[in-house]
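First comes the structure, then the notes that go with it.
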Number of protein chains: 2
Amino acid sequence: MANIKQIASDLGVSVATVSNALTGKGRVSAQMVERVKARASELGYRPSLAGRALRSGQSGILGLVMPDLTNPLFPRIAQHLSTVADDRQMGILIADSRGNPKEQTQAINRLLDRGVDGVVIVPQKGTAPGPQSVPTVIINTASDPDNSVCADHAGGGRLIGELITSLRHHRVVILGDDPVSEVQRDRVAGMRAGLASATDVQELWGKEGIEALAPAIAAGATAITTTSDLLALRVQSHLTRCGISVPEDVSLTGFDDLPFATAMHPMLTTVAQDVGQIADLAIDRLMRAIQGQPDLPAPATVPMRLVTRYSTSTLRRPTNLETIK
Amino acid sequence: MANIKQIASDLGVSVATVSNALTGKGRVSAQMVERVKARASELGYRPSLAGRALRSGQSGILGLVMPDLTNPLFPRIAQHLSTVADDRQMGILIADSRGNPKEQTQAINRLLDRGVDGVVIVPQKGTAPGPQSVPTVIINTASDPDNSVCADHAGGGRLIGELITSLRHHRVVILGDDPVSEVQRDRVAGMRAGLASATDVQELWGKEGIEALAPAIAAGATAITTTSDLLALRVQSHLTRCGISVPEDVSLTGFDDLPFATAMHPMLTTVAQDVGQIADLAIDRLMRAIQGQPDLPAPATVPMRLVTRYSTSTLRRPTNLETIK
DNA sequence: CTGTTAGCGCCTTCAA
DNA sequence: TTGAAGGCGCTAACAG
């Protein structure tokens, strides 16, 4: 691989001049810059990141730590992060923390060992990775005091709540997957806030929650709002099995707008994160911190967007219908 | 950050000794090794990968190029690759080729610029990234001549075909998403091979294919085999809309066993890739190539596994029933 | 405007 | 068994 010394000797100049010409650090005549660049491209010269890293103390690499790479949001976050990072000539190294807090710490350490310049962490639910030795951005939820950037989970919940209320539902079930998750708790809190105060709300969690759905509906619930699309699909399936149909008998909502949401029938009403903007803000903040800029922006909260599809409908039947067993 | 020189001077020995002690290159007394290691951990010493990379010409980083990071398989591949790579002290840098072949080349180049020691490529459908300047592993499908490791897509298709035949279906629709994809074509070919030769097979593709489903069923088809779980979910939804139920009226199969397959109702019969083994083989092959071992293993094909759930059933109704529609 | 020099952290000769 | 020295590719400080 061609190196800077090669170019220098080919042109009969010093390596410093080549370096300056290439990095545009001025101090070199325009025509010399031309010659150097010409020769460089002839040789297919690529600066050695290793050399530069050693010299500058910066690797040009950012680490991404996810609670679980199979997290349905990982692909989108990774994609956007990688795009945004590319624009800044940064690379993204991934690390999986495999669902447990201890591995999370190890994952972070592996990244640090590799000399990443900064880290983006999407924490395990219920954990708070302490301060790190490199600039760090945490993508979690607004109620996490360490959070740097996040979707407005509570706001998203509120959108759902308001929609349900506007559809005239007065008895609703909020279904979460795991109350340990701060994100989910915030979503639930948001839903409550969005629902009219007179609404009869029942909060259910996990597998038992799903089992309790049919009885709840029999008892008069007309809407189910869940904290994730996957959960919504599960509910849908369960209801089908019970002979309850969406949205005729109950309205159903998801969260996150995963790819399969539009493949469902009825297509799922849900709420979408603007992952692109989150990635943008995250990298921006991270880069500022890396460059030592003192005025870090306050933790940002990116609004979620309601995606109204066909799994929700206006309440048509009387609240205390009892035809469904 | 503590460096090797630091340890050396603390202990009054030379850097060479420290280096040897730490890397276990022998030539150092056992007790000196002890002292060095002790001091190193006291100082929280971490070898500088940059220094090592510069010296050795190897970055210790592997690149992962995916056709589209939102590809539903990406999470699992990334996770396994990252686990396996970790075991070998390698990092994984991701690059997104955003669905188009030109970006794919650029993505690869960005990785090369970063000095990755090798690349894992999951090619865009219909493309064949040429040979690279670093060791490369291609995860595609057996019929791609450049392929290094892959799931046995045709074999998976055959499993599905055989299952359908064993369930006594004689008129089946094979539904694909995009015939440009070699993977999908291989899956379809496998399905054909697995079905009894007397089977009446209709091959459909894409959105129009889905539209053509109800007529096909009305005309007597009793099973639909698709080339992806997402497609299967779409089909499911479409059939529901048409008042056709799975598996009573038609059997339905997916491909890949994505997370939502078990959230569907009925739970989807599908075929799963052993992504872990694929990742294993891929990294193994890549590392061998990087270490200059001449005897690269032949392209490996990892068997797929049939996951029989509840979306398929024995043919019960007469083939030419016409109660539907 | 350009050249010389030094050194980032590490490892690998070669010499003691 | 250990030490000294050089150099991987690059950039920054200082000379010319």
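These numbers come from the heavy atoms of this one structure, side chains and all, not from hydrogens, waters or symmetry mates. Throughout, protein chains are lettered first and strands after them, A, B, ... in sequence-line order, and every chain is numbered starting at 1.
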Is there a side-chain contact between A:S48 and the phosphate of D:dG9, meaning an N or O under 4.0 Å from OP1 or OP2? no

When rounded to whole Å, the NZ to C1' distance for the pair B:K25 and C:dT13 reads 14 Å

Here the distance between atom C1' of C:dC10 and atom CD of B:Q58, to the nearest Å, is 14 Å

Side-chain N or O of A:T17 closer than 4.0 Å to phosphate OP1/OP2 of C:dG3: yes

DNA chain D nearest-nucleotide lookup for A:P47 and B:S14: closer to the 5′ end is B:S14

So A:S19, base contact, sugar-phosphate only, or nothing? Heavy-atom distance under 4.0 Å. base

Can A:D274 and A:R305 be counted as an ion pair, charged N to O under 4.0 angstrom? no

With a 4.0 Å cut-off on heavy atoms, is B:G115 in touch with a base, just the backbone sugar-phosphate, or nothing at all? nothing

Which of D:dG3, C:dC11, C:dG9 is nearest the side chain of B:T23? It is C:dC11

B:K5 side chain N/O closer than 4.0 Å to the phosphate oxygens (OP1, OP2) of C:dG7? no

Could you check how far CD of B:Q31 sits from P of D:dT1, rounded to whole Å? 11 Å

Does the side-chain hydrogen bond (donor to acceptor under 3.5 Å, both in side chains) test come out yes or no for A:D152 and A:T301, once each step is laid out? CA-CA 5 Å; A:D152 184 5; A:T301 299; 5.7 Å; no

Distance criterion of 3.5 Å, no angle test: do you see the side chain of B:R55 paired donor-to-acceptor with the base of C:dC11? yes

In whole angstroms, the gap separating C1' of D:dG3 from CE of B:M32 amounts to 11 Å

Rounded to whole Å, please give me the gap between CG in B:L22 and C1' in C:dG9. 13 Å

Whole-Å distance, B:L11 CG to D:dT1 P, equals 18 Å

In whole angstroms, how far is the P atom of C:dC10 from the CG atom of A:D113? 12 Å

Spacing between A:I7 atom CD1 and C:dG3 atom C1', to the nearest angstrom: 17 Å

For B:A16, report the nucleic acid contact type (base, sugar-phosphate, nothing); a contact means any heavy atom under 4.0 Å. base

Side-chain ion pair, B:D178 and B:K125, N-O less than 4.0 Å: yes

